[in-house]
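Proteins come first, then strands; the chains are lettered A, B, ... in the order of their sequence lines, and each starts at number 1.
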Amino acid sequence: DVKEEIFRYVTEGDFKSKTYDELAKFVDKFGARPSGSQVLEDSIDYMIQITKDEDINDIVTEELEVPHWIREQEKITMLEPRSKHIAVLGLGKSVSTPPEGITAEVIVFSNFDQLAETPRQDIDGKIVLFDPIFTTYAETVVYRSQGAVKAAEKGATASLVRSIAPFSINTPHTGSQYYSDSVPKIPTAAITLEDADLIRRFYDRGEKVVLNIKMTSSYETKISRNTIIDYKGIENPEKLVIVSGHIDSWDVGQGAMDDGGGLFISWAAPVILKRLNLRPKRTIRSIFWTAEELGLIGAYDYEERHRNESNNINFIMESDEGTFSPLGLVVAGNEEARCIIAEILKLFESINASTLVESDSPGSDIAVIVKTGIPGASLHNANEKYFWFHHTEGDTMNVESPEELDLCAAFWTAVSYIIADISSDIPR
Amino acid sequence: KSVAKSLNKCQTLLSDDLINEIASYK
């Protein structure tokens, strides 16, 4: 009754609320942990220490170069048709405006097709606002990640995006974006749903909208570290079942949800097993990815560095879309692999966590590894409100629940233990 | 993403021994 033993210990026993309490201590102590910052490195050292405090000492770090983009001053003022402050968050690695800012008329597009159909002379010198209505993150995030390049190709002086979120209390949501070497780099930022919709209404009425955008930032590279913790298997220690989350966060909010929750349930898995003296046949490896937010930098480094031993990865898991009530797993793998995972998930029907969702590319960091053919899964959870808080000042401990984190930690630990202990490898 | 409606072939792909082994963790 291994599964029951784990759940009793985590939800009723000595580990009850431990995941939440440790996450809260961590988040309160360090706050936001942007890529390349000293606070991120200090937080990595802290995670290593609290793991050693649990008498788990098989820990290595791997250094890599990461972006260090520092947000400085950001201000947008609407000058026409009336004066208004526009709440703003620059997008990751955005270039600065000139000191006096960029003052220009706004042209609004709800999709890239409209942009492509519009003559360059109608866009040249203007500020482009993309205002897609949020459907799913996957469908709309391209307007954040590629908007600056698409707008610059048409001669825009800056680009803005309606925050990629389904709900807002005038909250801008930051995020990554990617420049192309072949087009000019223009300043780019997110504005709130409310302000984007206001500008859209003016625009549709034929009223000229003029903004002044002032943004400054700096950019350099620094050294950071992926953290790898092994809880060695007793029969096949070379074979790995990986649980993971990313330790870096955006510079706004505190990264309690994104991805503090995923980080701490992946820390908890070997800790819980060690405390219960449960040691599976294969090794359970916890990885704390660095620099996920600016482009999965840590994951790419790990995949490249460990490529020649990737045949040892039996299964890889990640939680980076919330640690609310667990519902099951989002699984990539062949049919036999999915059948084995589905059979394991049947053990969790009593907590309503037995759903298997099929996906070719679950997770964020682990997608880098899954796309090489390694089976993997991300946590399927009741995250309907995840994008309310994502990449905002609202990503704080108040989003997290001790009871839900206990369920996630127990589920994550039990699933990884069973996969690591059954007689059959997960087939590829 | 789509919720797996059915994994019909699981009974043929997985041995009874493996199914019973997994069930034993409950």
Taking atom CG of A/Asn352 as the centre, report whether more than 12 heavy atoms of other residues, nucleotides or ligands fall under 6.0 Å from it.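 Incorrect, the count does not exceed 12.
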
Counting only heavy atoms not in A/Asp360, do more than 12 sit closer than 6.0 Å to its CG atom?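 No, not enclosed.
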
Return the minimal non-hydrogen interatomic distance between A/Cys339 and B/Leu13, and the atom names on each side.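 Smallest heavy-atom distance, with atoms named: SG-CD1, 4.0 Å.
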
Which atom names give the shortest non-hydrogen contact between B/Lys26 and A/Glu4, and what distance separates them?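 The pair with the smallest heavy-atom distance is O-CG, 3.1 Å.
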
Heavy-atom cut-off 4.5 Å, strictly under: side chain, backbone, both or neither for A/Tyr417 against chain B?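 For A/Tyr417, the side chain is the part near chain B, not the backbone.
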
Counting only non-hydrogen atoms closer than 4.5 Å, does A/Asp421 touch chain B with its backbone (N, CA, C, O), its side chain (CB onward), both, or neither?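 Both backbone and side chain.
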
Candidate list A/Asp1, A/Ile344, A/Ile422, A/Val415, test side-chain contact (heavy atoms from CB on, under 4.5 Å), partner B/Tyr25, passing option: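 Running side-chain contact (heavy atoms from CB on, under 4.5 Å) over A/Asp1, A/Ile344, A/Ile422, A/Val415 with B/Tyr25 returns exactly one hit, A/Ile422.
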
How far does CD1 of A/Ile340 sit from CG of B/Leu14, to the nearest 0.5 angstrom?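 The CD1 atom of A/Ile340 sits 5.5 Å away from the CG atom of B/Leu14.
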
B/Leu18 portion near chain A, given a 4.5 angstrom heavy-atom threshold: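 Just its side chain gets close to chain A.
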
For A/Ser423, does its backbone N or O pair with a side-chain atom of B/Glu21 as donor and acceptor, under 3.5 Å?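 Checked: pair present.
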
